[in-house]
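So that the names make sense, note that chain A is the first sequence line, chain B the second, and so on, each numbered from 1. Since this is a predicted model, take the numbers as computed values, not measurements.
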There are 2 protein chains.
Amino acid sequence: MKLTTKGRYGLRAVVDLAVNADDEAVALSQIAERQGISMNYLEQLIAKLKKSGIVNGIRGAQGGYVLAMPAEEISVGDILRALEGDLSPVDCYELNSNDTPCNNSDLCVTKYVWKRISDSINDAVDGIMLSDLAAESKRVQAEAGITQINQPKQTC
Amino acid sequence: MKLTTKGRYGLRAVVDLAVNADDEAVALSQIAERQGISMNYLEQLIAKLKKSGIVNGIRGAQGGYVLAMPAEEISVGDILRALEGDLSPVDCYELNSNDTPCNNSDLCVTKYVWKRISDSINDAVDGIMLSDLAAESKRVQAEAGITQINQPKQTC
DNA sequence: TTTAATACCGAGTATTTTAATAGGAATTAA
DNA sequence: TTAATTCCTATTAAAATACTCGGTATTAAA
């Protein structure tokens, strides 16, 4: 029941992008360095975010990435689902219509549990907007007098 | 962000135990057969439940397992945490005091996300009691006229 | 027009985790 | 005494994860 590094690194990267976006595109190498994430790996994560319409890539020199929408309109749920796939605790047809139908559905009672968990997770993450995290991040960075992060290994 | 088979199989096994418990102990071989789970594997899962004080084992011939408490007093959260460990989405010291302290805690903003997810999951599963599932299971089994389940492979 | 900086793409790989299997020891009712 | 059962530990196959690597395409700036 853990997120993978895709969700953890990816969310940090998007928050970094939201915080460090002026009007310019932000190069992935900068995000990678600030966040202490391998750039090659981060490329794969940002590709998912691009595919989901959360960021836009700008090619060529001086290129980089920008948010595809105002941060106020991007929920943490949008970001995590883009990175991790659906956030339900099981692959269950009742929860997720792209899963294969389950031949035990009639007798299954645990499906009620999975539905409750799934709904509660999605409600939680859809209630937090990227702008909330970006504002908080700016606040704590200002308080600490930080411009460069580049932290050692983090668990979260 | 998926439960493992530990949580899925294990919860089904406990519901089965609650449904099929009269005053006798229920042999693991019976649960395994009804639920279509390898008995050897189920042994490992029930060991976790035993360690957490959810079931008691009765050794010897005619032995088996019984619930250690009335089903009304056992929450799905108790069961899933026994099987899966903590249900938080990340290993984060702020959420889970047995994790190693995180040196980025001051600047970390995603921790607010993880806390919200963690709390919502735990609230959801702590609000469902084993007795609820057992009652519903008896109801659907009666409706279908079923005594033996033994379903083919399930995803949930 | 060249160069350097960047996004974009797909294949390969080491490590870790999961999901079992297997074999035996201890216990106890019949 | 036997058979049924829990209990315990080690091993293993497969899958998923978390990367690395090498290249191509694009574009702003020199």
Legend entry - Residue closer to the 5' end of DNA chain D, A:Gly60 versus A:Arg8 (nearest nucleotide): A:Arg8
Legend entry - Donor-acceptor pair (no angle test) under 3.5 Å: B:Arg59 side chain, C:dT27 base: no
Inset, instruction - Can you check whether any acceptor in the base of D:dT17 is under 3.5 Å from a donor in the side chain of A:Gln44, or vice versa? - result: no
Inset, instruction - Describe the nucleic acid contact of B:Ile46 in one word from base, sugar-phosphate, nothing, applying a heavy-atom distance below 4.0 Å. - result: nothing
Legend entry - Given DNA chain C, 5'-ward residue of the pair A:Asn40 and A:Ala61, judged by closest heavy atom: A:Ala61
Taking atom [atom2] of [N] as reference, at what distance in whole Å does atom [atom1] of [X] sit?
| X | N | atom1 | atom2 | value |
| --- | --- | --- | --- | --- |
| A:Glu84 | D:dA18 | CD | C1' | 12 Å |
| B:Met39 | D:dT5 | CE | C1' | 7 Å |
| B:Glu24 | C:dA30 | CD | C1' | 14 Å |
| B:Lys48 | D:dT6 | NZ | P | 19 Å |
| A:Ile37 | D:dC19 | CD1 | P | 9 Å |
| B:Asn56 | D:dT5 | CG | C1' | 16 Å |
| A:Gln62 | C:dT3 | CD | P | 18 Å |
| B:Ile58 | C:dT28 | CD1 | C1' | 11 Å |

Legend entry - side chain to side chain contact (heavy atoms under 4.5 Å, CB included), paired with A:Val26, selected from A:Val19, A:Val66, A:Ile31: A:Ile31
Legend entry - Strand partner of C:dA26, provided both Watson-Crick or wobble distances fall under 3.5 Å: D:dT5
For [X] and [N], is the shortest distance between a side-chain N/O and OP1 or OP2 below 4.0 Å?
| X | N | answer |
| --- | --- | --- |
| A:Ser38 | D:dT20 | yes |
| A:Lys50 | C:dC8 | yes |
| A:Thr5 | D:dT17 | no |
| A:Tyr41 | D:dC21 | no |

Legend entry - Donor on one side chain, acceptor on other, A:Ser75 and A:Asp78, under 3.5 Å: yes
Legend entry - Charged N-O contact under 4.0 Å between B:Asp16 and B:Arg12: no
Inset, instruction - Indicate yes or no: does B:Asp126 engage B:Arg81 in a salt bridge with an N to O separation below 4.0 Å. - result: yes
Legend entry - Closest to side chain of B:Tyr9, choosing from C:dA20, C:dC8, D:dT6: C:dA20
Legend entry - Nearest listed nucleotide, side chain of B:Glu43, among C:dC8, C:dA4, D:dC7: D:dC7
Inset, instruction - Please check if the side chain of A:Ser52 supplies one atom and the backbone of A:Ile54 the other of a donor-acceptor pair under 3.5 Å. - result: no
